[in-house]
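Everything on this sheet refers to the single structure shown next.
Chain identifiers are assigned alphabetically (A, B, ...) following the order of the sequence lines, protein sequences preceding nucleic acid strands; residue numbering begins at 1 within each chain.
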Amino acid sequence: MTASVNQQPFRNRRRPLSERMLDQGFRLLVTALACSVGIILLWILRIIVKESLPAIGVFGLSFLTKSAWDPVSNDYGAFTAIYGTLVSSLLALAIAVPLGVGTAIFITENLIPRRISSLLGLMVELLAAIPSVVLGLWAIFVMEPAIRPILTWLHTTLGWLPLFDTEPQGPGMAPAILILVVMILPIITAISRDALQQVPGELRQAAYGIGTTRWGAICHVILPAAISGIMGGVMLSLGRAMGETMAVTMIIGNSNNFSLSLLAPGNTIASMIANQFGEADGSQVSSLMYASLVLMLLTLIVNILAQWIVRKLSLRYQ
Amino acid sequence: MKPISEAIDPNPKAGSLFQKSGLRFRPSLPRNLWNAVMTTLVAIAAGVAVLPLVLVLAFVLIKGGQLISLKLFTELPPAPGMGGGGIGNAVIGTVLVTGIAALLAVPVGIGGGIYLAEFAQGGRVARALKVFVRFGTNVLSGVPSIICGVFIYALIVKTRLLFGQSYSGIAGGMALAVLMLPTIIKTTDEGLKLVPDELRWGAIGVGASKFTTVMKITLPAAFTPIATGVVLGIARAAGETAPLIFTALFSNYWPWPETILSGDTGLLERLSQLKDPLLNPVASMSVLIFNFASTPYPELQSLAWAASFILVIMILGANLLARWLGRFAAR
Amino acid sequence: MTTSTPGPSTATKTDLCLSLEDVTISYGSFEAVRNVYLEIPRGQVTAFIGPSGCGKSTVLRSLNRMNDLIEGCHLRGRVVFNGEDLYHPKVDPVEVRRRIGMVFQKPNPFPKSIYENIAFGARINGYRGNMDELVERSLRKAALWDEAKDKLRDSGYALSGGQQQRLCIARAIAIEPEVILMDEPCSALDPISTLKIEEMMHELKKSYTIVIVTHNMQQAVRVSDRTAFFNAEAQDGGSGKVGYLVEYDETERIFNKPTQRATMDYVSGRFG
């Protein structure tokens, strides 16, 4: 018995059934696990649509343009929150993009010794890891009191502008925008840095080889080559800013009264949900679900646009 | 100017269409001025970008650090207006809820990542599925965290799907898991893609099955990047608040009754109490910070700073650990 | 003002273009190449040959200060160009690179159109003439005009590898440098493209000084007037190899009657 086995050690070369079953089972299992992501996404969409149907039935599209939010008479419109979401995230983006891209250039383009630049990169990445609720706490007790004199000065000197025509009194749109800047700055910096680092060294050499200055190379060769990645990062952080909840909720003031002034309290969709969902019932829940749907669609559009931009621009520069 | 450039530059054609000057660096040239201005600007940008980290860390460490004591971990938050107390229940709760989330998301996420990196090739169906999964991952990672909370609320809390319970630790864990899932899928997928194909071919070449190849060869080879990603994903989830405020809610009590440690009640009963936090509201540090920051009581506000301190130390520690792990393995 | 030009002028002989005086280049604490003396005459093709790791590319890149881009790279000694020390602290490296152009090992066109690839360099160099004319002239000199004239607006990446390299040469000569440095310009190309570039170099040397690094000895024989042979030897401490210049002479002498044993071994393929 033993002898015959030794003479033909591989006599049974067919894979045993158990092994083939294991292989098949494994394939099925990971396929199912992979599909769960898509399923969860569709499920989220389905639940939110289902829950918001009553509010959609009552308010229709006027929900988007009305700024009434009255639980007593059950009249809801999310205009203030939608406006707040768009304004806060776009203004935050306008401040954060130059800062973030500038920081990324400072880190990647050999302007400083490598040791310092990697330390700076690490610090920016750690900033991204700080929970938003901690930033919110810091914003309430440290940042907002510190910038209040500046905001008051803005009000007294530029008060004739509708943007600054209310007196700053604690929470408001302006501090919320600033804390959003703090939150998305690391994202923009990190993604821009990656995009700049991926620009091939040959291209840099080519630029310097024909006698460009450092900033000539950066502006005309390196940034254009990295633009797809940078734009992708910008769109991604726009999505993040629109959906950001905690820090904004804690500092924006949560007021549904519409005001053009950046110094007045405002609201965003996410902070409205965070604030009211716990105590809401009936048609208010449904209205909040409708607002969630709007928020989800907004971020969905921005994220899909981000992927589209990355593809479109990287094709151009291939 | 002209005579010098001719003196150093005997090349006759240089004078014609190109303006060529000496080799000396002249700071007043427009291009050199532009360089100096731009470099200064980006240096300022970098300073402004780093400033918040320094300020936030400084305040959290100073305001939160001075409250750190053993009592903080062993006592419950005080009633409003009362001094003292701790945040022991929130520390345990954060670990608990994040643990539940990791238990749910890590296996699913790694499985999904394995599918994307190792299985999704071949026919039209497989390719369509891959696009579906990739797209789903990308979009899900962009879904605002508050929406994850709303989703789990509508799915489990409102419907009382879990043994008739509404707010619960499991619901909180599920909401965080939805948030973590895309991160883990992505890091697994990218980690596996770093494994050279030669290694796979080597295993397949000696007749290993797909299962063996993945489990014994590629997955171990990609362990470090995957572990790094998982640690970062868990750290990020630990600080999340929005998905928890209407799923796990908050609780002013310990996750388990204090009698669970003493022997007054029967062993079986005490064992069955272990599941209490899974089905009941659970405290967490992040929700504690949110709740206490908006109270007018200084004692509660300082507990919020203390919780921030612990949370930030935990999360930054995990980040540095992950980074060290990555560098250690890269050698 | 003439006296204030950086560095005292040592070699203003019209036939001398570049000279290296006791040049030692190191990366951090590691010396890549040591004590090089070399005089490169104007209007000729000078080839650098030698085994890999002997520092020939490093020396070439030091001639237009491309090594500045590598952190920790440091040069001791003097590199004199038209009587000026290129490494004098007051020298603007950007200005240096406008006089001494470079073609790299791998073709590296900008992600722009063929036209823009050439016009870009000219524009930043303050060119004020007719751009179309300059583009055509440069492409003709690089023997690319016939192939590219119908697709000037296409991306530079639409060209084949050999064409891309000729585009890079056109880009380099468009800014009318005095010297063109070529770092193994044909190593990534097929034999036919290589031949085209070699033919072009014979044309180019009428108006430019060319320094080329090559690992192909036949190429050195075909294109160069003078050849420098570099070698590397183990350092005393035993930490890696350090390069040095073995022999520098007319190409014909280097390949037929070298004075050094190492050169003889290398050019006859008996190198080890």
> Is it the side chain or the backbone of B:V214 that comes within 4.5 Å of chain A heavy atoms, both, or neither?
Replying inline: side chain
> Counting a contact as any heavy-atom pair under 4.5 Å apart, which residues of residues 181-190 of chain A contact chain B?
Replying inline: A:V182, A:L185
> Among B:F292, B:Y167, B:W34, B:W305, which residue forms the greatest number of heavy-atom pairs with chain A at distances under 4.5 Å?
Replying inline: B:W305
> Checking heavy atoms, do the side chain of B:P107, its backbone, both or neither come under 4.5 Å from chain A?
Replying inline: backbone
>> Can you tell me which of B:N319, B:N138, B:I245 forms the most heavy-atom pairs within a distance under 4.5 Å of chain A?
In response: B:N138
> Do the charged groups of A:R240 and A:E244 touch, with an N to O distance under 4.0 Å?
Replying inline: no
>> For the interface with chain A, which of B:G111, B:G136, B:A318 has the highest count of heavy-atom pairs at distances below 4.5 Å?
In response: B:G111
>> What part of B:N35 gets within 4.5 angstrom of chain A, counting heavy atoms only: side chain, backbone, both, or neither?
In response: both
> Pick one: which of A:I252, A:L295, A:N254 meets side chain to side chain contact (heavy atoms under 4.5 Å, CB included) with A:T268?
Replying inline: A:I252
> chain A: which of B:R31, B:K63, B:M38 shares the most heavy-atom pairs with it under 4.5 Å?
Replying inline: B:M38
> What part of A:L29 lies closer than 4.5 angstrom to a heavy atom of chain B: side chain, backbone, both or neither?
Replying inline: neither
> Should A:S132 and A:T245 count as side-chain neighbours, where that means a heavy-atom distance under 4.5 Å?
Replying inline: no
> Which region of B:L55, side chain (C-beta onward) or backbone (N, CA, C, O), has a non-hydrogen atom less than 4.5 Å from a non-hydrogen atom of chain A, or is it both or neither?
Replying inline: both
> Heavy atoms, side chains only, cut-off 4.5 Å: are B:I185 and B:Y115 in contact?
Replying inline: no
>> I'd like to know which of A:G243, A:G100, A:G102 tops the heavy-atom pair count under 4.5 Å against chain B.
In response: A:G102
> Contact part of B:L140 toward chain A, heavy-atom cut-off under 4.5 Å: side chain, backbone, both or neither?
Replying inline: both
>> Taking the side chain as everything from C-beta on, heavy atoms only, tell me whether B:W324 gets closer than 4.5 Å to B:L320.
In response: no
>> Nearest 0.5 angstrom please: A:L293 CG to A:L288 CG, how far?
In response: 12.5 Å
> Tell me, side chain or backbone of A:M250 under 4.5 Å from chain B's heavy atoms, or both, or neither?
Replying inline: side chain
> Is A:V124 close to A:L120 at the side-chain level, that is, under 4.5 Å between some pair of heavy atoms?
Replying inline: no
> Does the side chain of A:S271 come under 3.5 Å of the side chain of A:N267 through a donor N or O and an acceptor N or O?
Replying inline: yes
> Which atoms of B:A235 come close to chain A, meaning under 4.5 Å heavy atom to heavy atom: side chain ones, backbone ones, both, or neither?
Replying inline: neither
> Taking every heavy-atom pair that is under 4.5 Å apart, which of A:I140, A:L122, A:L236 has the most such pairs with chain B?
Replying inline: A:L122
> Heavy-atom distance under 4.5 Å to chain A: side chain of B:V108, backbone, both or neither?
Replying inline: both
>> Heavy-atom pairs under 4.5 Å with chain A - which of B:L181, B:L41, B:L316 has more of them than the others?
In response: B:L316
> In terms of heavy-atom pairs under 4.5 Å, which option from A:C219, A:P131, A:A270, A:G239 contacts chain B the most?
Replying inline: A:P131
> Given a strict heavy-atom distance threshold of 4.5 Å, which part of A:M289 is in contact with chain B: side chain, backbone, both, or neither?
Replying inline: side chain
> What option among B:V56, B:I147, B:T137 has the most heavy-atom pairs under 4.5 Å with chain A?
Replying inline: B:V56
